Amino acid sequence: MSRVDARSLVSGWLDGRAVVEGNRVALRPRRAAPFAEKLQRAYAWITERAIHTPYADLELGPSTNLGKGNGFVEVTKGPSYSSFILLPLLNLVVRRRLVFVGGTGRGKTSVATLMGILAGYPPEQIRRAIQHGHPQLTNADLLGSPLPSALVRAERSDDVHVSWRSWIGMRVKIIDEYNRIPTKTQSALLSLMAEGYAEMYEQLVEAGRAAWYLTANDDLGGGTFPVIEALRDRIDAVVCSTPFHASFLGSLAARLDAGIDQPVVPRDLVFTELELDQADTEIRAIPIPADVLELLGFFLSQLEFCRRASLRIEGMTKDTLHLAGRRVAHVCNEDCPLDKLANLCTQTENGSSARAYQALLHFAKALAYFRGQQAVSTAEVRAILPFVLLERLRPNESSAFFEREEHKTYLLDRVGWIRQLFDRAVAQHAAHRGVHESVTKLVAELDPGMDELSSPELQLRLSLIEQKIEAIVLKNELNGPVHQDLVALKSLHARCTRASNKQRGRA
Amino acid sequence: MSAADYELLAGVIARESEKKSSRFSSALFAELLAGAGRRAYEATSGDLVATRAYLTLLAEAVSEGHVRSSAPSGFVSRALLELVPESLGRKPDKSRLDHLARTFNLLEGVASEPAWLDRFLGSRLLELPGSADDLVGFVERELEPVVSPTQSSTFEAPFSLLVLDPRPLEDEFLPGEMVLEAPNVVAVRDRRRDVWLGALLLASGRSRLFGPIEAPSGRFVALAPSKAIHVGHGFAHVGEARVELPKLTRLNGHVVAPAGFVVATAVDSQRLWVLEAVRGAPQ
């Protein structure tokens, strides 16, 4: 409260929102709430009034285990949210591609439909716009088709007027049971999702920026048709629907009594297109501090690492194995000296793509924004990570790590598996900090201004780098974290050598 | 308007509010309809126009969180649920809408300020019978010492001392953490429970406690006082001056309010010692 004269303050209040119009008191609109607050309201309304979820599985903050052995319950004193509601809501703003997986009747399509309504579409329109996957779905069913009369009259393909389906241009696109769509039609969907357009009779239709929601009853194991790999890679996040809980019955009965099929979304929760654009701009402006990026980079690089893939430092990745038609299981055995319980590399069959990392950062920013944070923290990254990597990261099921009784369930519970991977990476990062900081410091000291240095100075730098590499190799086991540092040093060595050769050329 | 019409009207307003706002609570509104709404209807002898306007504003107050329970807890909710329905009957038909719009705007203004202000005005409303007849005048008078420009005190001697007792407000209250809410308002937390009282610091020994209030917003940041202030067991040093704090044998904590006050609490007492720099404190 600013220090002002009380009379002026009250006088300002009296000129408020309530005004007399004829024989009514009308209320002028309130100043719009900031978008983050509006998202929070939407989340609260959905969880309290529209979709019942029995738990809040997206937890931030330190947790404690209550109980012992297999019967423990993990609780947190930090904030927690239902991923089944929050991630679709964040996706509405960041406008990426999200898949709901889970059994029939668990509310996947209902949540997607709610998102369409929050984006300002009338419920009837959004329901009509849902594309239902089935084995006979053709490109024409999905995208539209020319009128037969236009086909008959046309002399060239660009004479054909294609009547595109209206859902293509909507800001929210819902594809129900996408793993029941035939492969050929999946390709058309891929083009729409990946490139943002569809083509037919040499005519294009633009999809525009949109939040995509796809549903699958059994995404990992089944579906009528296998999902093509490129389409799967375009999925930015996967959320699982929540199971039935006894507490649902009470609210279902109450709705039945009140004759309510689905509650009406209040107007104050509906986002205009401009609001969604502005919220996304604000989300993108949320910074990711260097230490958070550093930790994430540390974690992700370990997923890629495989010491047995090559003798060359550059070849020690799982991609090298895959290109040779081999799998991690073929080489991750007793011949590899690394401890399978301590090193993360053994647990995964693959790393992930830059597209996934981008999605991870975008969702982490959105979560920080939703929580009203000024910057992304490790907590947001940890919370989002499983949902982005769920479909992308495959476990190396033959790893000795999974032979342990307490680790076997990680092969079934992928979210829990990815969380423990990250938690182990955090611990390892702390343990490896000494070596890593010495490398980072050396790179920071030696990297700048190489092109301006004299030949003896460059030689001195080269010998320093070589000494450092030798010292690290001699004193440390060549595992993922060390590999990351060696790659950085080798890259520095290459730059220094280039500068030195250039100097010699000039001389 | 008959009683049946009242029910119909209430249903329409409830449904419309539900469509409009995600924070509207139909359960709370139903309770209010049976209490405050019904009183407004009866006080106006079933005046459709006034009752409709009152219920519309009541629904808006629920949506905006100005009213969170059917039991009034502060100035805004007390005014809206108790004073307005009563006062409507005393107003001529033609001025009822103006009265409602003006009062709602006043209350929404109070609600937009830090929460302690609502509780402060609420406690003053109970202390000053008759103030409900002119709510605007009441709010202006009570706000004057709270919001008027206050220059930071230079903490010059002489000093006067006042001891405040929280027991009339909260019998078990044991002062603990203290947070500045404004240059002359301090929020004090009970050491054993999450209960807060407010202390309004006024010149000439007129400082007083009010509340309970909500946990402080923590939005007010005070500059360091111009003099070094040190409080110990039974005394305070303000610059060069030493002031005795009788019976404060074991200091628990203290806070310096820029308006020229030092508030101290003791480990073994429920009281608050308010030291006032006589020159420069708000009148």
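Here the structure is a predicted model, which means the values were calculated and not measured.
Between chain A and the options B/T103, B/V139, B/V110, heavy-atom pairs under 4.5 Å are most frequent for B/V110. For the set A/L269, A/L27, A/V19, the entry with the most heavy-atom pairs within less than 4.5 Å of chain B is A/L27. In terms of heavy-atom pairs under 4.5 Å with chain B, the best-connected choice from A/A44, A/A18, A/G16 is A/A18.
Only the side chain of B/E108 comes within less than 4.5 Å of a heavy atom in chain A; its backbone stays farther off. In this structure, chain A has a heavy atom under 4.5 Å from the backbone of B/F24, while its side chain stays farther away. Proximity to chain B is limited to the backbone of A/V265, based on heavy atoms less than 4.5 angstrom apart.
A/A6 approaches B/E140 most closely through the heavy-atom pair CB-O, 3.6 Å. Scanning all heavy atoms of the two residues, the minimum distance from B/T56 to A/V25 falls at CG2-O, 4.5 Å. Across A/N23 and B/V49, no two heavy atoms sit closer than the pair O-CG1, 3.1 Å.
Ion pair B/E144/A/R7 not flagged as a salt bridge, since none of the NZ, NE, NH1 or NH2 atoms sits closer than 4.0 Å to an Asp/Glu carboxylate oxygen. B/R23 and A/E48 are not joined by a salt bridge, as no carboxylate oxygen comes within less than 4.0 angstrom of a charged side-chain nitrogen.
Residue-environment remark: CZ (B/R52) exceeds the threshold of 12 foreign heavy atoms within 6.0 Å.
Between A/W13 and B/E113 there is a side-chain heavy-atom pair separated by less than 4.5 Å. Inter-residue side-chain proximity for A/V10 and B/V136 is flagged as met; some heavy-atom pair is nearer than 4.5 Å.
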> Under the side chain to side chain contact (heavy atoms under 4.5 Å, CB included) criterion, do B/N105 and A/D15 qualify, and how do the steps go?
Replying inline: CA-CA 7 Å; B/N105 288 336; A/D15 185 24; over 6 Å; no

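Scored by the salt bridge (charged side-chain N to carboxylate O under 4.0 Å, His left out) test, B/E142 finds B/R124, B/R208 as partners (sequence neighbours excluded).
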